[in-house]
Amino acid sequence: MAISVPFADQLALPLIGAPMFIASYPELVVAQCKAGVLGTFPSLNARSIEVLDEWLTQIETQTAAFREANPERRVAPYGMNLILHASNTRREEDLALAASHQVPLIITSVGKPDRVCGTVHAYGGKVFHDVISVLHARKALDCGVDGLILVCAGAGGHAGSLSPFALLSEVREFFDGPVALAGALSNGRQLRAAEVMGADYGYMGSRFIATVEANVSDEQKQVMLDSAASDIVYTPFFTGIRANYLRGSIVKAGLDPQKLDLPRGTPTDLFNPEKKQAKAWKDIWSAGHGVGTLHDLPTVERLVARLADEYREAVRLPSAFA
Ligand SMILES: Cc1cc2nc3c(=O)[nH]c(=O)nc-3n(C[C@H](O)[C@H](O)[C@H](O)COP(=O)(O)O)c2cc1C
C-alpha cells in the first residue's frame, strides 16, 4: 500500500467515482464529492470548452459552499478524465483549462501521459493513469504519473481481461505508490477487499450509474437492474477496443450479441434496417460485471452511506484462521 495516499484525509471512504462517458455530469460529481467520494468526469462530456469551463466552476463552487457549511464532514476533491488519443482534438485545450482551474486529479486514458504530468505537477495536481497491463503500467510510470488505475476483468467501459489478484500483485512488485482498483466493485465489502489486496482506493463506475444523479435514461438504469454478470458482452465490435456492454441494449438495437466478432465496419445485415445504426455508449450501453447485485436506484448520498456501513462491517470481520 502506498505510504502516503493522496487525498486520503479528504475522503470518507477510499473510493474514487470513475469517470463515465455520458453518465458523469456535474450533478453526479458534486453528489459524490459531498458524500466524501472523489468524483470525476470525462472532459468530453462537456460539449464545448466553454461548457467545460462552466462545469469546473460549478463543481468548485458547489463543493466549496458545502464544505464551508459542513465543516465536520469530509468533502472530497474532484477529478477530470482526459482522453489522450489523437482523435480527441480538444485534449490540449482541456488540459490548459484544467490547469487554470487547478483540477486536483487528472485521470488520463488511451495515450501517453508525459506532457500532462508536466502541466499538472506545475500547479500541484496529481495524475493517475488508466492501465490494463503491466506493460502499460511501466510505460505510464516512466512518463511520471503519480498513480495507477488498474482496470481489471469485468470493469465497465474499455476493460482489461486480467484478474485483479494477478494484475495488482504484479504491479505491487515494482510500484508502491497510489493504486486504484477497478472492475465490478459494487459494495463496501468489495471495497475493503480491494484494500486488503493492496489497493489504496476502489474505483467504481457502473454502481454509480444506478443512482438518481447519473445522467442516463430511466430505461438504461432499469436494464442495469435487470442484468447479471452473464448479461455483459465483452467485444471490440463497437469501438475497436474491447469493452463491456449490456446484452439487453445490444438486442434492443437489433443486433445479435452472438455475432459481434466481425471487424467493425464489415458490411453486414446485423443492423436492423428499421432502426438507425446504433452507437456505442449512447445506444449500446456499457456496464461491468457488477450489475448482478444492483437492486435499487438510490441517491448518491444514500448509496455512499450504505457503502460506508458495509465497509466498516467488513473491517471488523473476524477470521477463524487469524
Ligand atoms: C458507461 C461507461 C462509460 C465510461 N466512460 C469512460 C470514459 O469516458 N473514460 C474513462 O476513462 N473510463 C470510462 N469508463 C470506465 C470507468 O471509468 C471505470 O474504469 C469502470 O466503470 C470501472 O468498472 P465498473 O463499472 O465495473 O465499476 C466508462 C465506464 C462505463 C460503465
Side-chain angles (χ1 to χ4, degrees), residues 15-25 28-29 32 37-46 52 79-85 87-88 90-91 94 105-111 113 116 127-132 136 140 145 148-162 164 167 179-188 190-191 193-194 199 201-211 214-217 220-221 223-224 227-229 231-234 238-239 241-246 249 279-294 303 307:
L15 181 59
I16 298 173
M20 294 179 289
F21 190 49
I22 301 177
S24 310
Y25 268 44
L28 179 62
V29 177
Q32 289 170 328
V37 170
L38 201 154
T40 70
F41 70 102
S43 67
L44 289 177
N45 273 358
L52 182 60
M80 187 183 93
N81 169 226
L82 263 184
I83 308 280
L84 300 177
H85 192 263
S87 61
N88 176 11
R90 245 179 52 196
R91 61 193 189 284
D94 288 2
L105 174 65
I106 297 293
I107 294 173
T108 48
S109 38
V110 215
V116 175
V127 179
F128 287 7
H129 190 70
D130 253 20
V131 301
I132 60 167
H136 289 143
V145 301
L148 297 171
I149 297 160
L150 308 186
V151 185
C152 297
H158 289 131
S161 58
L162 293 178
L167 184 56
V179 169
L181 189 66
L185 300 183
S186 303
N187 63 48
Q190 294 161 342
L191 185 58
Y201 322 85
Y203 196 74
M204 247 181 222
S206 302
R207 173 62 267 194
F208 282 105
I209 300 182
T211 60
N215 181 54
V216 305
S217 66
Q220 180 171 347
K221 291 176 186 177
V223 172
M224 293 192 65
S227 298
D231 297 311
I232 300 299
V233 179
Y234 187 51
F238 298 104
T239 67
I241 305 175
R242 282 194 184 275
N244 280 315
Y245 301 96
L246 289 159
S249 66
K279 280 197 179 144
W281 317 111
K282 187 170 172 290
D283 308 306
I284 309 291
W285 300 322
S286 178
H289 287 181
V291 287
T293 51
L294 307 186
L303 171 62
L307 292 174

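Just follow the structure's listing: the first ligand is 1, and inside any ligand the first atom is 1. FYI, side chains are in, hydrogens and waters are out, and symmetry mates aren't considered; it's all heavy atoms of this structure. For this chain, numbers begin at 1 and follow the sequence in order. Worth saying up front: this structure is predicted, and the values here are computed from it rather than measured.
- The nearest heavy-atom contact from the protein to atom 19 (O) of ligand 1 is Tyr203 CE2, 3.5 Å.
- Asn215 contributes a side-chain N or O that, together with a main-chain N or O of Ile22, makes up a donor-acceptor pair within less than 3.5 Å.
- With no hydrogens or angles considered, a side-chain donor-acceptor pair links Thr239 and His158 at under 3.5 Å.
- Taking the six-membered ring for Trp and thresholds of 30 and 60 degrees, Tyr245 and Phe238 have ring planes more than 60 degrees apart, a perpendicular arrangement.
- Taking 4.5 Å as the limit, some side-chain heavy atom of Leu303 sits within range of a side-chain heavy atom of Thr211.
- Interface atoms of ligand 1 facing Met204, defined by a heavy-atom separation under 4.0 Å, are 27 (O).
- Each of Ile107, Thr40, Leu52, Val29 was scored for a side-chain contact (heavy atoms from CB on, under 4.5 Å) with Met80, with one residue passing: Leu52.
- Relative to atom 15 (C) of ligand 1, the option among Gly205, Gly156, Ala18 with the closest non-hydrogen atom is Gly156.
- Ligand-side atoms of ligand 1 in range of Asn81: 7 (C), 8 (O), 9 (N), 10 (C), 11 (O), range being under 4.0 angstrom from any heavy atom.
- Here is the list of ligand 1 atoms found below 4.0 Å of a heavy atom in Pro42: 8 (O).
- Contact annotation: Pro19 has at least one heavy atom less than 4.0 Å from an atom of ligand 1.
- Every residue two or more places apart in sequence or in another chain that forms a salt bridge (charged side-chain N to carboxylate O under 4.0 Å, His left out) with Asp94 is listed here: Arg90.
- The contact set between ligand 1 and Ser109, taken as ligand atoms under 4.0 Å from a residue heavy atom, comprises 11 (O).
- Atoms of ligand 1 lying under 4.0 Å from at least one heavy atom of Gly154, given by number and element, are 26 (O).
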Applying side chain to side chain contact (heavy atoms under 4.5 Å, CB included), run through Tyr203 and Leu185 and close with a yes or a no. CA-CA 7 Å; Tyr203 196 74; Leu185 300 183; 5.6 Å; no
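- Distances below 4.0 Å separate heavy atoms of Gly157 from the following atoms of ligand 1: 28 (C), 29 (C), 30 (C), 31 (C).
- The closest donor-acceptor contact from the side chain of Gln190 to the backbone of Ser186 lies under 3.5 Å.
- Protein heavy atom nearest atom 31 (C) of ligand 1, with residue, atom name and distance: Ser286 O, 3.6 Å.
- Here the side chain of Ser249 pairs no donor or acceptor atom with the backbone of Ile284 at under 3.5 angstrom.
- Ligand-side atoms of ligand 1 in range of Asp130: 11 (O), range being under 4.0 angstrom from any heavy atom.
- Using a non-hydrogen distance threshold of 4.0 Å, Ser186 does not register as a contact of ligand 1.
- At least one donor-acceptor pair under 3.5 Å links the side chain of Arg91 to the backbone N or O of Asn88.
- For ligand 1, one of its N or O atoms has an N or O atom of Ser206 under 3.5 Å away.
- With atom 26 (O) of ligand 1 as the reference point, the heavy atom nearest to it among Gly17, Ala184, Ala287 is part of Ala184.
- Considering only residues two or more places apart in sequence or on other chains, Phe208 meets the ring pair (Phe, Tyr, Trp, His ring centres under 6.0 Å) condition with none of them.
- For the pair Ala23 and ligand 1, no heavy-atom separation below 4.0 Å is found.
- Both the backbone and the side chain of Ala155 come within 4.0 Å of ligand 1, counting heavy atoms alone.
- For Phe21, a nitrogen or oxygen atom sits less than 3.5 Å from a nitrogen or oxygen atom of ligand 1, counting backbone and side chain alike.
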Going through the distances and angles, do Ser24 and Asn45 end up as a side-chain hydrogen bond (donor to acceptor under 3.5 Å, both in side chains)? CA-CA 8 Å; Ser24 310; Asn45 273 358; 5.0 Å; no
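- For Arg207, no nitrogen or oxygen atom sits less than 3.5 Å from a nitrogen or oxygen atom of ligand 1, counting backbone and side chain alike.
- Residue contacts with ligand 1, taken as heavy atom pairs separated by less than 4.0 Å, involve Met20 via backbone and side-chain atoms alike.
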